[in-house]
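Notes to accompany the following structure.
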There are 2 protein chains.
Amino acid sequence: MVPDRERFEDGEAREGPILTVPHSSEKILESAESLFAASGYSGVGMRQLAVAVGLSKSSLFHHFPTKRELYAAVLDRALERMEEGLVPECEDGADPSTRLDRWIASIVGVLAEDAPMARLMMRALVDEEPFPALALDGSGREPMAFEVRLARILDRFRALLEAGIADGSFRPVSIGDAIQSTIGALVFHFASGDLGEALIGEPIFSRAAVSRRRREVSEFIRRGLVA
Amino acid sequence: MVPDRERFEDGEAREGPILTVPHSSEKILESAESLFAASGYSGVGMRQLAVAVGLSKSSLFHHFPTKRELYAAVLDRALERMEEGLVPECEDGADPSTRLDRWIASIVGVLAEDAPMARLMMRALVDEEPFPALALDGSGREPMAFEVRLARILDRFRALLEAGIADGSFRPVSIGDAIQSTIGALVFHFASGDLGEALIGEPIFSRAAVSRRRREVSEFIRRGLVA
DNA sequence: GTCTATACGATGATAGAC
DNA sequence: GTCTATCATCGTATAGAC
């Protein structure tokens, strides 16, 4: 019940030397990511995280000065993986419709192989704070790393939609609304846990569910966008 | 800085009789709903809520025995409004395509006129806990009121999709996936706050943004589903 | 870099007066 | 039904030894 390493704070149950293993910040970020994904920013305590990663609270604060900076680092790390999974698909000169298909397949791939990702993203986007304006100007605040990354990703998708509308392969949709609909359709499913499992009848990260999802959401979005 | 009513616990700053106004549970639920929508379950404290509603913590615990039960009541109350906004559209004998349009318009109407709703729903659906299985069987747990309500709403939408597929007006989609895509496209936008505003260039609850959203998401989903 | 120990406000919840 | 007072626990964070 009581976390192992926390008992020592009370001065009781001290028994012997504890094997000290070197811990990198990466291990902290990895544990933090799954905890934040599962319970949200305020649902995770530094004590809890310390136990999960096998360190004391104080050591966590050595690696990251505040909880918020740790959270920002977690978000940035996740978006970095997302960006990496997306880059190769967007740079060649294929037609917009083909690039859209690749884009959707890449996103589904990242979300499906990286279970905490969708939940983490969904929470970050629904939480008000981190995105006072994606515009990055006007508000006196300096943008955080993961905001810049998100803006880059969305700008690339925006450019793809604009190219498709310009050459007539996509309908003349409201681009902002189209991006919102696409994000919602893509990300929500992989963030929906038990509800998703109840709706499709099997775990959402199972192989069958993922390959079906790829087909279904790809066709859904494609039909929503193409002329 | 320090909450007004909480100061008295310290035994200081006691000045005079405080006007006691009768408070109904409804007022608590209303305040709690906007707070939970803004900050999530663990992001809201009973103290904070007590200040917002103008009561002491203890009075809150008189109305609701635990924070979780208060949260469950908030979710149920919100889903109740959602259900009310949906009922008239689903019961007549129109063809599936027409009913789908009405369905989408109703959901957008509820989400747009009820600002905390989308965020509250999104958080509830992404949080693991409250939905161990929408099936309501198998798990030894008794279903909560809002789970029953959600299951009813989703079952009605499922029936609409099945009817449309059966009579050939909809494509033979995977129904679970189609529901997930539809929820994502509909709800995420109104839960996305600053990101949504940055993407569409104006507040998401402004009149212009709402009416555009209704057109855009309706066409997006319709094209994704109809044959 | 890791630990123990501590600081202090906030947390959900309870007891009991009015 | 409302309040004051109190509780043990947890919240983030810091100080300083090794």
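By convention in this document, chain letters (A, B, ...) are assigned in the order of the sequence lines, proteins followed by strands, and residues within each chain are numbered from 1.
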Atom pair distance, as rounded to whole Å: [atom1] in [X] and [atom2] in [N]:
X	N	atom1	atom2	result
L35(B)	dG12(C)	CG	P	12 Å
E26(B)	dG1(D)	CD	P	14 Å
M46(B)	dA8(D)	CE	P	21 Å
Q48(A)	dT9(D)	CD	P	18 Å
R47(A)	dA10(C)	CZ	P	16 Å
H62(A)	dA5(C)	NE2	P	21 Å
L49(B)	dA10(C)	CG	P	16 Å
K27(B)	dG1(D)	NZ	C1'	15 Å

Does A112(B) offer a backbone N or O that forms a donor-acceptor pair with the side chain of R213(B) under 3.5 Å? no

Just to confirm, is there a sub-4.0 Å distance from OP1 or OP2 of dG1(C) to any side-chain nitrogen or oxygen of S59(A)? no

OP1 or OP2 of dT2(C) sitting under 4.0 Å from any side-chain N/O of S56(A)? no

Qualifying residues under side chain to side chain donor-acceptor pair (under 3.5 Å), relative to E202(A), sequence neighbours excluded: R212(A)

Partner of R158(A) under side chain to side chain contact (heavy atoms under 4.5 Å, CB included), picked from L160(A), L154(A), D155(A), is D155(A)

Taking N or O atoms only and anything under 3.5 Å, show me the protein contacts with nucleotides 14-18 of chain D, one pair per line.
from    : atom 1 : to     : atom 2 : distance (Å)
dT14(D) : O4     : S58(A) : OG     : 2.9

Taking all non-hydrogen atoms of both residues, which atom of Q180(B) and which atom of S192(A) are closest, and how far apart? NE2-OG, 2.7 Å

So the ring pair (Phe, Tyr, Trp, His ring centres under 6.0 Å) pairs with at least one residue in residues 177-197 of chain A (sequence neighbours excluded) are F190(A)-F205(A)

Has R68(A) got its NZ or CZ under 6.0 Å from the middle of the six-membered ring of Y41(A), at an angle within 45 degrees of the ring axis? yes

